[in-house]
Amino acid sequence: MRILSGIQPSGELHIGNYLGAIKNWIKLQNDSKNECWFFVADYHSITENYDPKEKPKEILDLTADLLSLGLDPEKSVIFQQSQIPGHTDLTWIFNTITPLGELERMTQYKDKAASQKQNINVGLFDYPVLMAADILIYKSEAVPVGEDQVQHLELTRETARRFNDRFGKVFPEPKPLLTETPRIMSLIDPTKKMSKSGGEKSYIAISDSPETIQEKIKTAVSDTGGGKDKRGGYNLLEIFNAFAETKEEKSDYSNYKRYHEEGTLKYAEFKPALANLIANYFADYRKKRAELSGNPDYVKKVLADGAQKASAVAAKTLQEVKQKLGLII
Ligand code: AMP
Ligand code: TRP
């Protein structure tokens with residue numbers, strides 16, 4: 001199966017990104033039946049307010065993070081979106097078959113437009129069309145993402161269908177691949193999804209030190225309203241379950257879950273255990289990441305090699321598309 005996914009270089013990776021998407025990328029990559037493509041969505045990231053001086057570092061840091069978490073350039077094609085001109089070429093073509101009304105319905109657009117009122121740019125609106133082009137230019141069949149991207153995937157399928165019906169079959173209709181934890185909630189407001197925009201205390205960055213993780217979990221909202229509203233507690237338990245690997249950790253989880261249901265869970269015990277579990281899980285990552293920090297040339301080389309492979313496939317699809325559209329003279 002041809003698998004593809006992307007992630008924006010805009011600040012630190014958090015455990016929501018990891019549990020909703022990246023953990024799955026690594027699992028899929030390590031199954032030799034799959035052909036995997038993963039990229040840094042820098043063109044998507046410039047639709048939000050940002051500082052151009054910081055962007056090169058954000059791109060390199062994210063790539064180094066992905067490599068340290070286990071993405072392997074021997075097994076996956078790893079590249080930077082803006083280095084492949086075909087993505088934006090195909091976006092323009094898809095723009096001409098996308099009804100305005102479908103983009104107006106996108107919840108991520110509505111949320112972001114509300115949160116950056118001074119900068120509601122056309123790129124923010126067109127974001128899902130660029131995403132469809134990212135996916136379809138490689139004729140990808142499956143896209144591992146978190147739940148918040150499912151609506152964009154529906155638009156991608158619709159775009160493929162519309163194109164194929166009008167011009168002849170070129171594209172597959174890619175499906176989303178979700179993990180068991182497709183939506184991790186904020187630590188300070190369990191009614192909202194975990195995201196960087198919620199502030200530092202709302203998320204755990206994968207690069208957080210064990211001490212910081214302890215502090216953040218300590219202040220995390222658990223059960224509120226005298227134990228009536230258990231959403232915060234459920235979220236913490238879900239995170240524990242997702243990071244539990246050994247038999248012992250899994251059996252600890254079952255116990256904590258039972259105590260929580262019975263209303264006898266002692267957070268003074270559970271919270272430090274959860275923080276420990278997360279900190280240990282990322283110990284290996286922290287070591288590899290420290291090594292890569294001193295080697296930006298290696299990271300750049302990975303992206304350059306990936307761009308070469310991606311460009312060849314993208315150019316081929318674009319040629320096929322232009323042929324169908326009647327643009328080849
Ligand atoms: P982003 O940081 O928005 O580029 O997201 C990168 C990936 O992480 C996407 O596949 C998202 O769907 C996923 N993701 C982001 N936030 C969460 C969350 N709170 N829970 C699960 N997955 C998430
Ligand atoms: N929009 C995705 C996000 O914010 C990132 C992304 C861009 C993506 N292009 C993609 C994900 C193509 C999967 C496939 O998370």
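In what follows, every heavy atom counts, from backbone to side chain, and hydrogens, waters and symmetry copies are set aside. When a ligand or atom number is given, it counts from 1 through the structure's own listing order. The shown structure was predicted, so the numbers you read here are calculated from the model rather than taken from an experiment.
Polar contact check, Gln81 against ligand 2: no nitrogen or oxygen pair lies under 3.5 Å apart. Of the N or O atoms in Gly6, none lie within a sub-3.5 Å distance of an N or O in ligand 1. For ligand 2, none of its N or O atoms has an N or O atom of His152 under 3.5 Å away. Residue Ile184 places at least one N or O, backbone or side chain, under 3.5 Å from an N or O of ligand 1. Here's the thing with Gln108: none of its N/O atoms is less than 3.5 angstrom from an N/O atom of ligand 2.
With hydrogens left out, the protein atom closest to atom 5 (O) of ligand 1 is Asn17 ND2, 3.4 Å, a heavy atom. At the shortest separation from atom 6 (C) of ligand 2 among protein heavy atoms lies Gly6 O, 3.8 Å. Looking at atom 4 (O) of ligand 1, its nearest protein heavy atom turns out to be Gln8 N, 3.3 Å. Nearest to atom 2 (C) of ligand 2 among the protein's heavy atoms is Gln149 OE1, 3.5 Å. The nearest protein atom to atom 22 (N) of ligand 1, hydrogens excluded, is given as Gly16 O, 3.1 Å; this is a heavy-atom distance. Nearest protein heavy-atom neighbour of atom 9 (N) of ligand 2: Asp134 OD2, 2.7 Å.
Not one N or O on the side chain of Ser140 forms a donor-acceptor pair closer than 3.5 Å with the backbone of Leu136.
For ligand 1 and Met194, the ligand atoms under 4.0 Å from any heavy atom of the residue are 16 (N), 18 (C), 19 (N). Of all atoms in ligand 2, numbered sequentially from 1 with element shown, those under 4.0 Å from a heavy atom of Val143 are 13 (C), 14 (C). Atom numbering of ligand 2 starts at 1 in the shown order; those under 4.0 Å from a heavy atom of Gln8 are 4 (O). The atoms of ligand 1 that sit less than 4.0 Å from any heavy atom of Ile7 are 4 (O), 6 (C). Ligand 1 places these atoms under 4.0 Å from at least one heavy atom of Gly20: 21 (C), 22 (N). Less than 4.0 angstrom separates some heavy atom of Tyr127 from each of these atoms of ligand 2: 1 (N), 2 (C), 3 (C), 4 (O). Annotation for ligand 1: atoms under 4.0 Å from non-hydrogen atoms of Gln149 are 12 (O).
In this structure, Lys218 places its NZ atom where only 12 or fewer heavy-atom neighbours from other residues, nucleotides or ligands lie under 6.0 Å away.
Only the backbone of Arg183 comes within 4.0 Å of ligand 1, judged by heavy-atom distances. Contact annotation for Ile135 and ligand 2: only side-chain heavy atoms (C-beta onward) come within less than 4.0 Å of the ligand. Residue contacts with ligand 2, taken as heavy atom pairs separated by less than 4.0 Å, involve Val145 solely via side-chain atoms from C-beta onward.
Salt bridge Arg161/Glu173: present, at least one basic N to carboxylate O contact under 4.0 Å. Using a cut-off of 4.0 Å between Lys/Arg side-chain N and Asp/Glu carboxylate O, Lys57 and Asp51 are scored as not salt-bridged. One finds no salt bridge joining Glu141 and Lys175 here, because no Lys/Arg side-chain nitrogen approaches an Asp/Glu carboxylate oxygen to under 4.0 Å. Under the 4.0 Å criterion applied to side-chain N and carboxylate O atoms, Arg162 and Glu158 are assigned as salt-bridge partners.
A donor atom on one side chain and an acceptor atom on the other are found under 3.5 Å apart for Gln83 and Gln80. Residues Asp72 and Gln29 bring no donor and acceptor atom of their side chains to less than 3.5 Å of each other. Of the N and O atoms on the side chains of Asp223 and His260, at least one donor lies less than 3.5 Å from an acceptor on the other residue. With 3.5 Å as the limit, one finds no donor-acceptor pair spanning the side chains of Glu58 and Gln8.
In this comparison of Val145, Asp148, Leu19, Ile15, the heavy atom closest to atom 11 (C) of ligand 1 sits on Asp148. Of the candidates Gly146, Gly11, Ser186, Pro182, the one placing a heavy atom closest to atom 21 (C) of ligand 1 is Pro182.
Relative orientation of the Tyr253 and Phe240 rings is parallel, given thresholds of 30° and 60° on the angle between their planes.
Residue contact check for ligand 1: Lys196 places a non-hydrogen atom closer than 4.0 Å to it. The closest approach between His14 and ligand 1 falls below 4.0 Å for a heavy atom of the residue.
The cationic group of Lys216 lies under 6.0 Å from the six-membered ring centre of Tyr203 and within 45° of the ring axis, placing it in a cation-pi geometry.
In this structure, the ring of His87 has its center less than 6.0 angstrom from the ring center of Tyr138. The ring of Phe282 has its center closer than 6.0 angstrom to the ring center of Tyr18. Taking the six-membered ring wherever Trp is involved, the centroid distance between the rings of Tyr127 and His152 falls below 6.0 Å.
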